[in-house]
Amino acid sequence: MTDVLVVGGGPTGLTLACDLARRGAAVRIIDRAPEFPTGSRGKGLSPRTLEVLDDLGVVDRILASGVSHLRHRKYRGTEVIAEVDPQAGQVPTPEVPYPAALMIPQWRVERILRERLDGLGVTVERGAELRDFRQDADGVTAAVGEERIRARYLVGCDGGHSTVRKALGLAMRGETPEMEVMAVGDVRVDGLARDAWHQWFTGDGTVLLCPLPGTDFFQIQSSHERGPDGAPLEPTLERFQRTFDRVAGVPGVRLHDLTWCSTYRVNVRMVDRLRVDRVFLAGDSAHVHPIAGGLGMNSGIQDAYNLGWKLGLVVAGRATPELLDSYEEERLPIAGWLLEITSERLAAVLEAVKEKGGGLDAVASPELTQLLLRYPWSRLSRQAGRTIGVQPGDRAPDAPLRTADGAPSHLFELFRGPHFTLLAIGEHDVPPLDGVDPAIVRSHWIGPGGLRDDGGHVAAAYGINTLVLVRPDGYIGLIADPGDERSVGDYLRSLRS
């Protein structure tokens with residue numbers, strides 16, 4: 001029997017499959033498309049998502065394939081009326097190694113994750129369409145093509161038109177605001193520099209041309225041409241060119257080699273459940289929202305990252321199935337927040353474009369880094385001692401360290417992998433954890449005789465003389481007083497009872 005069947009081979013499904021595979025789970029991932037997609041689609045990764053990809057071991061390849069601090073250049077015709085770097089001042093710090101969002105086409109993110117998954121011994125099964133499934137007390141039986149796959153759990157990562165969600169009978173509740181329908185595509189462009197995201201907002205429409213890193217293509221987003229009945233027409237190269245000529249009016253700029261195109265309409269919708277017994281939803285299958293801030297791909301990746309370690313512990317027999325209840329408990333409120341913040345940021349952009357010099361840079365907000373997301377309400381966030389810095393449910397910051405022989409290290413190196421991490425910070429060494437499965441936790445002493453706090457950044461972020469238990473997804477699970485092995489042991493043992 002397969003432990004987990006993942007339906008959908010986009011960033012959400014690939015992240016989940018990678019996380020499960022590195023934990024030793026038997027996972028299969030299917031996708032109904034016969035070929036892997038090549039369109040840019042989503043094109044930005046948030047700082048928090050980069051931390052997830054660091055843990056999965058692919059961040060260096062991701063960073064080498066993208067670009068940060070791309071300037072936004074706004075025009076009126078041929079005249080540049082504003083130019084800004086929305087991420088100006090966002091530079092690495094000891095606590096935040098990846099402070100700026102990364103521009104990178106979605107197809108490249110998927111390719112890097114697929115190659116990581118291949119290295120873990122799992123391959124995406126293309127042209128494999130889920131037709132139906134049924135579940136019982138022991139598992140899920142899925143009809144995939146002519147095959148029947150038996151799995152302990154099934155996760156729908158199959159997008160806004162999710163087959164899994166529809167089979168569960170879950171509705172996407174919300175609204176489709178009355179807003180302009182946009183056309184989007186990937187094109188080559190002659191006569192335009194690749195050093196900025198070019199933007200035209202006029203009374204005649206909108207055209208945005210963003211260079212895609214590592215390629216000679218731009219992603220174009222533009223107002224739709226409409227037919228005599230007012231309905232949006234299918235985007236084509238000729239229609240993109242006509243819209244550009246009408247809205248921008250810049251001579252000598254020619255679009256060619258349209259390789260992918262689609263239509264985009266704003267939807268603000270989400271389900272009211274992320275789990276029905278042994279079946280889960282993640283990413284766009286559970287929530288869709290305005291593209292402002294580029295959180296679609298990012299929120300799906302983080303759904304998967306939240307669910308992956310929990311499923312991994314359960315299928316390995318190291319946690320009871322009740323742990324899986326915390327997925328919906330933690331991520332459903334985040335989905336609701338996501339709809340609110342992206343709608344708010346979209347409104348800010350629309351207001352800004354009415355003003356001279358305003359544009360997409362108006363979307364910028366600290367919340368969009370996703371570094372501020374936290375789960376203080378979760379059953380997995382527990383307080384057993386005083387806190388000076390971070391609180392239970394917060395993201396665990398990075399910080400530089402030195403080993404006993406002076407070699408540099410940092411907290412994210414300790415966190416990297418499928419385990420919990422126990423930090424004893426201060427005068428007291430890590431306590432013994434009797435009755436705790438040693439496979440699920442690694443302990444480190446940051447203090448005399450252990451790792452050194454290089455520059456005091458650990459103490460500044462976490463306090464001193466404290467025990468901090470960091471979850472496998474990099475959030476604080478427990479804060480306890482030094483030597484309080486009972487609270488730490490109770491927390492970890494509670495996963496199994």
Side-chain angles (χ1 to χ4, degrees), residues 23 55 306 309-310 312-314 316-326 329-330 374-404 409-454 456-497:
R23 297 172 190 281
D55 182 46
N306 183 286
W309 70 270
K310 298 168 182 177
L313 285 178
V314 171
R318 295 191 172 110
T320 65
E322 284 70 27
L323 175 63
L324 301 175
D325 294 336
S326 67
E329 177 184 358
E330 293 181 345
R374 49 199 302 268
Y375 307 116
W377 62 84
S378 171
R379 72 188 69 189
L380 301 179
S381 301
R382 303 181 195 172
Q383 182 81 47
R386 66 190 182 94
T387 59
I388 297 175
V390 292
Q391 306 290 318
D394 288 355
R395 163 191 169 270
D398 198 8
L401 303 167
R402 291 279 174 177
T403 63
S409 183
H410 58 106
L411 284 179
F412 277 11
E413 285 189 33
L414 308 186
F415 300 160
R416 193 176 294 127
H419 53 272
F420 282 85
T421 305
L422 178 61
L423 303 176
I425 304 169
E427 300 292 327
H428 302 272
D429 198 351
V430 290
L433 299 176
D434 296 332
V436 171
D437 184 349
I440 72 169
V441 61
R442 295 181 185 174
S443 300
H444 302 275
W445 182 19
I446 303 175
L451 295 164
R452 298 206 309 267
D453 182 0
D454 190 3
H457 296 284
V458 175
Y462 294 85
I464 57 173
N465 294 323
T466 187
L467 285 174
V468 180
L469 185 65
V470 181
R471 300 171 7 169
D473 60 352
Y475 286 88
I476 306 297
L478 171 74
I479 295 179
D481 290 329
D484 185 4
E485 68 271 17
R486 178 176 179 179
S487 292
V488 178
D490 286 349
Y491 184 104
L492 293 170
R493 285 188 294 270
S494 72
L495 301 177
R496 301 196 64 174
S497 59

Notebook entry, point to check: Is any NZ, NE, NH1 or NH2 atom of the basic residue among Lys310 and Glu330 found under 4.0 Å from an Asp or Glu carboxylate oxygen of the other?
Noted result: yes
Note to self: Is there a side-chain contact (heavy atoms from CB on, under 4.5 Å) between Asp325 and Arg379? Walk through the geometry before answering.
What the structure shows: CA-CA 10 Å; Asp325 294 336; Arg379 72 188 69 189; 3.8 Å; yes
Check: Nearest heavy-atom pair of Gly312 and Arg23: which atoms, and what distance?
Finding: CA-CD, 3.9 Å
Item checked: Pair Leu492-Asp437, side-chain contact (heavy atoms from CB on, under 4.5 Å): steps then yes or no -> CA-CA 8 Å; Leu492 293 170; Asp437 184 349; over 6 Å; no
Check: Just by distance, with hydrogens left out, do Arg382 and Ser494 show a side-chain donor and acceptor under 3.5 Å apart?
Finding: yes
Check: How far does CG of Leu323 sit from CZ of Arg496, to the nearest 0.5 angstrom?
Finding: 12.0 Å
Checklist line | Donor-acceptor contact below 3.5 Å, side chain Tyr462 vs main chain Leu467 | finding: no
Next item on the list: Drop me the distance from Thr466's OG1 to Ile446's CD1, to the nearest 0.5 angstrom.
Entry: 11.0 Å
Margin query: What's the separation between atom CG in Leu495 and atom OG1 in Thr320, rounded to the nearest 0.5 Å?
Written below: 7.5 Å
Next item on the list: Indicate yes or no for a side-chain donor-acceptor contact from Asp398 to the backbone of Leu411 under 3.5 Å, with no hydrogens or angles considered.
Entry: yes
Notebook entry, point to check: For the atom pair CD (Glu413) and OG1 (Thr403), what is the distance rounded to the nearest 0.5 Å?
Noted result: 10.0 Å
Checklist line | Pairwise side-chain contact, Val458 with Arg452, heavy-atom cut-off 4.5 Å (strictly under) | finding: no
Check: Where does the angle between the aromatic ring planes of His410 and Phe412 fall among parallel (under 30°), tilted (30 to 60°) and perpendicular (over 60°)?
Finding: tilted
Next item on the list: Quick one: closest heavy-atom pair of Phe415 and Pro397, and the distance?
Entry: CE1-O, 4.1 Å
Next item on the list: For residues Glu329 and Trp377, report the shortest heavy-atom separation together with the two atoms involved.
Entry: O-NE1, 2.9 Å
Note to self: Quick check against the 3.5 Å criterion: does Asp454 have a side-chain atom that pairs as donor or acceptor with the backbone of Pro400?
What the structure shows: no
Notebook entry, point to check: Within a reach of under 6.0 Å around CZ of Arg374, are more than 12 heavy atoms found that belong to other residues, nucleotides or ligands?
Noted result: yes
Item checked: Nearest heavy atoms of Val390 and Arg395, plus distance in Å -> CG1-O, 4.1 Å
Notebook entry, point to check: From Asp55 CG over to Asp473 CG, what is the distance, rounded to the nearest 0.5 angstrom?
Noted result: 9.0 Å
Checklist line | Euclidean distance, Ser326 OG relative to Tyr375 OH, rounded to 0.5 Å | finding: 9.5 Å
Show every donor-acceptor pair shorter than 3.5 Å between a side-chain atom in residues 477-488 and any protein atom, with sequence neighbours excluded, or say none if there are none.
from	atom 1	to	atom 2	distance (Å)
Asp481	OD1	Arg386	N	3.4
Asp484	OD1	Ser487	N	3.1
Asp484	OD1	Ser487	OG	3.3
Asp484	OD2	Ser487	OG	2.6

Could you pull out every donor-acceptor pair under 3.5 Å between side chains of residues 417-436 and any protein atom, sequence neighbours left out?
from	atom 1	to	atom 2	distance (Å)
His419	NE2	Leu414	O	3.0

